[in-house]
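Structure first, then comments.
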Number of protein chains: 2
Amino acid sequence: MTAQPVDILLTNATVVTMNPKKDVIFAGAIAINKDTIIEVGPATALNKKYQAAKTIDCRGDIVSPGLVNAHTHVPMTLLRGLSDDLRLDVWLYGFMMPVEREFVTPEFSYLGTLLASAEMIRSGITTFCDMYYFEDQVAEAAAKAGMRAICGQTILKFPSPDASSYDDSLEYCRQFVKKWRGHPLIVPAVAPHAPYTATPEMLTACAALALEYDVPLHIHVAETAMEQENNKTEHGATVVPWLQKHNIFKPKTIAAHCVHLDDTEMITLKNTGTGVAHCPSSNLKLASGVAPVHKMLKLGLRVGIGTDGPASNNDLDMLEETRLAAFLQKGIFADPTLLPAKKAWELATSGGAEAIHMGHLIGSLETGKKADIIVINVKGTHQTPRFSHSEDTIYSQLVYAAKSTDVCHVLINGRLLMEDSALLTLDEADLHQKAIAMSEKIDTFIRTREKDLLSKLLAISSGVVPVETFEIQSKVRIDDIAAIEAKLGELNAVTINRTSVRKQYDTYFCFEDKTLGRIRYREDELTANDGTPDVLYRISLIGPAVERVFNHSIILTRSRYSVPADKSRRFYYEYFQPDQKIEIAKTRKRYHITFRNTHFAANLDSLADIGRSYLEVKSRTWSAKDAEEKAQLMGELFLLLGIDPSQKETLTEYIDLAQE
Amino acid sequence: MTAQPVDILLTNATVVTMNPKKDVIFAGAIAINKDTIIEVGPATALNKKYQAAKTIDCRGDIVSPGLVNAHTHVPMTLLRGLSDDLRLDVWLYGFMMPVEREFVTPEFSYLGTLLASAEMIRSGITTFCDMYYFEDQVAEAAAKAGMRAICGQTILKFPSPDASSYDDSLEYCRQFVKKWRGHPLIVPAVAPHAPYTATPEMLTACAALALEYDVPLHIHVAETAMEQENNKTEHGATVVPWLQKHNIFKPKTIAAHCVHLDDTEMITLKNTGTGVAHCPSSNLKLASGVAPVHKMLKLGLRVGIGTDGPASNNDLDMLEETRLAAFLQKGIFADPTLLPAKKAWELATSGGAEAIHMGHLIGSLETGKKADIIVINVKGTHQTPRFSHSEDTIYSQLVYAAKSTDVCHVLINGRLLMEDSALLTLDEADLHQKAIAMSEKIDTFIRTREKDLLSKLLAISSGVVPVETFEIQSKVRIDDIAAIEAKLGELNAVTINRTSVRKQYDTYFCFEDKTLGRIRYREDELTANDGTPDVLYRISLIGPAVERVFNHSIILTRSRYSVPADKSRRFYYEYFQPDQKIEIAKTRKRYHITFRNTHFAANLDSLADIGRSYLEVKSRTWSAKDAEEKAQLMGELFLLLGIDPSQKETLTEYIDLAQE
């Protein structure tokens, strides 16, 4: 009998098949022709039976199905390490979104995907399931690298780098799906970002699009406890039932994260055949928690493992991720027998393939499956010694001891992409150079912004332009508010137009470098006529400079930039990273008065914490002449009120009291 | 001015000094002479100032203090991956301790330490803090490898591989401390294993020994919640106060794990200057939990990071450990700002050095410190791109993106141990060969044991030899227990010596391979004369063979090996890993009778679950002739009781009923 010609023979290996019986073949071989595995069996038999154009001797190495990265955002590889150790909102609104608005283009997605592919191939990932912007370029780059990918085009209810509305986004997605359907490596997918960034109509339209073209749907689900809380408040239901109502689980759906699900929600995911992408590193790093994977597996869900994007990980290392997944179930759910190594390796290979709805094509080494195969060198010191007394020890070795850098050869769809740790389809040096050029531009963007509080404020003001104001003002300590009020009422030269009472809670963020100015976060609680309070939140940059000092400690201040504060005080604190935080609470009775045809605000402020009261008189101004005139008038007003404004205790801001 | 001669100059590097100000010097250099850092500063200046015998150009690389592995058991590297995914007791009593009893010798500790040193040097560890047996050999091997180490000689209240009692152990430790004190690389230490393996006298003696020679004391503290619970039950106090009572925190103490401490205990550790070794991988893998490191740091404790032994990790990778430490605090304590990268790197270097009481010598790159230095290549794809807009990004890169395999050069005490990833003091190929020879012997030991339930039973019987018994017996179903009891009383030939009533709860562990026999776990609840129950637990191996069948279904059984069961049923289940578990509960009234001068037990058994009753008559036997005579007598007794023992429903064991 003459030997049968095949393209590639991997031989003399320990073959970890991950087939349904979990066969491990010691001294095994795999014959590959074109894109397909022809046979898996003992090396002695296959060496004779096949005549290979290329034979790779894997003596002592482990051959495994390629790893499936079930959830990622690969272009974000270009943002690796941009900002870490921040709360999700600061990270997202303070860094990721401003940088993405500025830098994410088709070229960014293309370059980021090539760089990520280099890293993924190196670490034994053969398939990745992506979600990002300009996914057409992600697909182009993955195909060029030779990687298998599900490319999910992001759809958001907000404008995004690749679409000004979700209608545009859906249309872009439709064209994208039509273009890539049927590609041997690329599976296009519809990716509504998350429940909290979607409208019901948008979700229904996304599901319909995925069903129309029979492509997967990729979505973030229940990543944080807050997402569940908000969903209950806004929609009266937990996330999964609400998504189900909008058909989200009718397509071949991949739900990323699923950290906070109740049993009913898990059962829905099981019954709808939805795959779960567990992302342990990212969920820890962003403090989302640990998904109850052991419970999902007990209930029969399909679970894979994902790296998430390298901006929140910060790498694309499935071996690290798989080990962490196994460790976490044991440590957090207090049972060391949970997610044993064998099961963890299944999640990284065949289980992951099932979770992303590709189990019929990839995930195990079996005749007829696509040849997505990795070879792992197990001869390193960190893998020595090795045990073989039970069937489980080889999985222990893969999950608990092997490192991604032990992967030496990688085949995808029958094509050799890495041989002896050298990449065959990508020019790494060129990619490094381009990636570093990109990071240098981003560094400059951030540095400029960080040096300057106004730029930092602008970066998170989502289109609202802060307004600059000039004020002329003077504060003076008083003993008796009622006496001043009486005087204001008595003076003929003063007309009281209206009064208001408010409580103001100010937090000043101060910096060692005084030239930066200060940030003030103000909660302004007005009491309306009917007694109900109305709270306004504003964030202001208060310039460092006193422009001019007039007689009687009357000053002209400038550069007070102010925007409505739509995020929490904690957010701004962590975003601006001040060296000091000072809180001032006061009750302010404001008299809007006219004095010699000029409007002033006379604020009677009680600072209960320090038991002092002040009169602040101020007026907006717009020219040097106007300022001088108003300063003159203010001095006059103080004298009429019986106050010497040049007395010692006057000050620019109450914050200076706290710093005395 | 002529250049000053030095031994080594590391130059053109990004120097992450980890000095108190956390200076980072871009384009920096370090001059080293003998074992000491002479100067750290800008490369331009140092290149001119020093004439080095050896210059290493580290262009683009990061130079950092070597990593401090604050807790490990390095010889256990030889047991890497021996058994995983098991509960702590099964892992410890079922695998680790039997294997250690059999294999741990001075040669084992020596070889294991050399192998571990190769792995540690490769991953940038320059100092390790150990605890094991034959620590003299650990010290020898570490010194040969050129590593810095605190070598803690284990002291246990039980016999151990290197001592038959704790007195022996203390004496061995004293000699060991005297021998190694003052060595340039090795610091000997006293290592009472843990509170739960110590007596009060032993703890006090250990503390006194450590104080006498001013050496560190290394101990496991509060690794599991159960340890705390048991300590409260046994000693009426949590672990730390109890240890403090026995002077354990008077020496320079290193407390490993500290997963379950209350605030008071943490404050005691702070006030006594005790260092904490946080072991995140091991604590997860063995399901102990996550230590509240962020709280310890807030309270001002000294915390380092340890890999623990590779049998519970399964590697010695401090980069992995540091990343995990940072991830876990965020994810488990729900705050992404906890343990930021900069602080995590501090724990791995200068903080770890403080925790092991060596902060004056190592942990940072400063003039006068010992030259323990690593160079990390940051040019790999997984570290590209890199950002530099803030002081924190370099730590992000080190903690979240760098891999241990990126470490390219390692110096310890001024000596170059690894250059361009090649080890200079160890012959790795030789170590691999010896380690694999060891693992093959251990594999054979385990395989033999696993094939044979008796060997498995012996392995966990801590010196108690199971007793083999032969019995002649017959069981027969009866309808009316009272009628049989009445008959026993009436028969002249029968003398009733005494009776007892007991409840027996049997669990049978059965195997597909019937030739293995069965394991029976019995809870035997005797009701004493005063009515108080007394429960005995026994674990028995019941041989598969019926030796002989006599008339009337009377059988001779053999190989019933039995020992007191000192562990839980769950333990034995997980240890023996049966294919099936069958439970039988019965109430047994036992008549100890004499019939024709021969003793028999007549057991009247009610199996409430299946609503049946049986008479079992049995007698121990010791020879074929004796067995035959007793079989004859038993047949006669059955006939006198009006029972035909050859009726259909007789059986060997009640378990056969459950399998009908």
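Heavy atoms only: backbone and side chains are in, while hydrogens, waters and symmetry mates are out. Just so it is clear: chains get the letters A, B, ... in the order the sequence lines come, proteins before strands, and each one is counted from 1.
- Using a 4.5 Å heavy-atom threshold, the side chains of T381(B) and L431(A) count as separate.
- Per-residue heavy-atom pair counts under 4.5 Å with chain A were compared for N283(B), D392(B), N313(B), and the maximum is reached by N313(B).
- Considering every non-hydrogen atom in both P336(B) and R87(A), the closest pair reads CG-CA, 3.3 Å.
- At a 4.5 Å heavy-atom cutoff, the contact between L324(A) and chain B is made by side-chain atoms alone.
- Heavy atoms of T444(A) lying under 4.5 Å from chain B are absent altogether.
- No more than 12 heavy atoms of other residues, nucleotides or ligands lie within 6.0 Å of NZ in K434(A), so this atom counts as exposed by the packing criterion.
- Looking at K330(A) and L284(B), their side chains never come closer than 4.5 Å, going by heavy atoms from C-beta outward.
- Neither the backbone nor the side chain of Q329(B) comes within contact range of chain A; no heavy atom of the residue lies under 4.5 Å from a heavy atom of that chain.
- Counting heavy-atom pairs under 4.5 Å between each of D443(A), L316(A), L328(A), N314(A) and chain B puts D443(A) at the top.
- Taking NE2 of H382(A) as the reference point, atom CD of E119(B) lies at 7.5 Å (rounded to 0.5 Å).
- In terms of non-hydrogen atom pairs under 4.5 Å with chain B, the most contact-rich of S281(A), A225(A), A341(A), A118(A) is S281(A).
- Atom OH of Y573(A) has more than 12 heavy atoms from other residues, nucleotides or ligands within 6.0 Å.
- Considering only heavy-atom pairs separated by less than 4.5 Å from chain A, the leading option among L339(B), I442(B), V90(B) is I442(B).
- In terms of heavy-atom pairs under 4.5 angstrom with chain A, the leader among D335(B), T393(B), D315(B), I436(B) is D335(B).
- With chain A as partner, the option from A401(B), A287(B), P310(B) having the largest number of non-hydrogen pairs under 4.5 angstrom is A287(B).
- Counting heavy-atom neighbours within 6.0 Å of Y93(B) OH, excluding the residue itself, gives a total of 12 or less.
- The contact list for residues 76-83 of chain B toward chain A, using heavy atoms and a distance under 4.5 Å, reads T77(B), L78(B), L79(B), R80(B), G81(B), L82(B) by residue number.
- With chain A as the partner, the residue from S288(B), P340(B), G289(B), A435(B) showing the most heavy-atom pairs under 4.5 Å is P340(B).
- The pair D85(A)-K343(B) fails the salt-bridge criterion, with no side-chain N (NZ, NE, NH1 or NH2) lying under 4.0 Å from an Asp/Glu carboxylate O.
- Taking OH from Y400(A) and OG from S312(B), the interatomic distance works out to 11.5 Å, rounded to the nearest 0.5 Å.
- Under the 4.5 Å side-chain criterion, counting only non-hydrogen atoms from C-beta, P385(B) is in contact with L115(A).
- At a 4.5 Å heavy-atom cutoff, the contact between T337(B) and chain A is made by backbone and side-chain atoms alike.
- Here K403(B) contributes atom NZ and E320(A) contributes atom CD; the two are 5.5 Å apart, rounded to the nearest 0.5 Å.
- Looking at K285(A), the atoms closer than 4.5 Å to chain B (heavy atoms on both sides) sit in the backbone and in the side chain alike.
- Of the listed residues (Q397(B), E440(B), R386(B), K379(B)), the one with the most heavy-atom contacts under 4.5 Å to chain A is R386(B).
- Within the 4.5 angstrom heavy-atom criterion, no atom of S123(B) approaches chain A.
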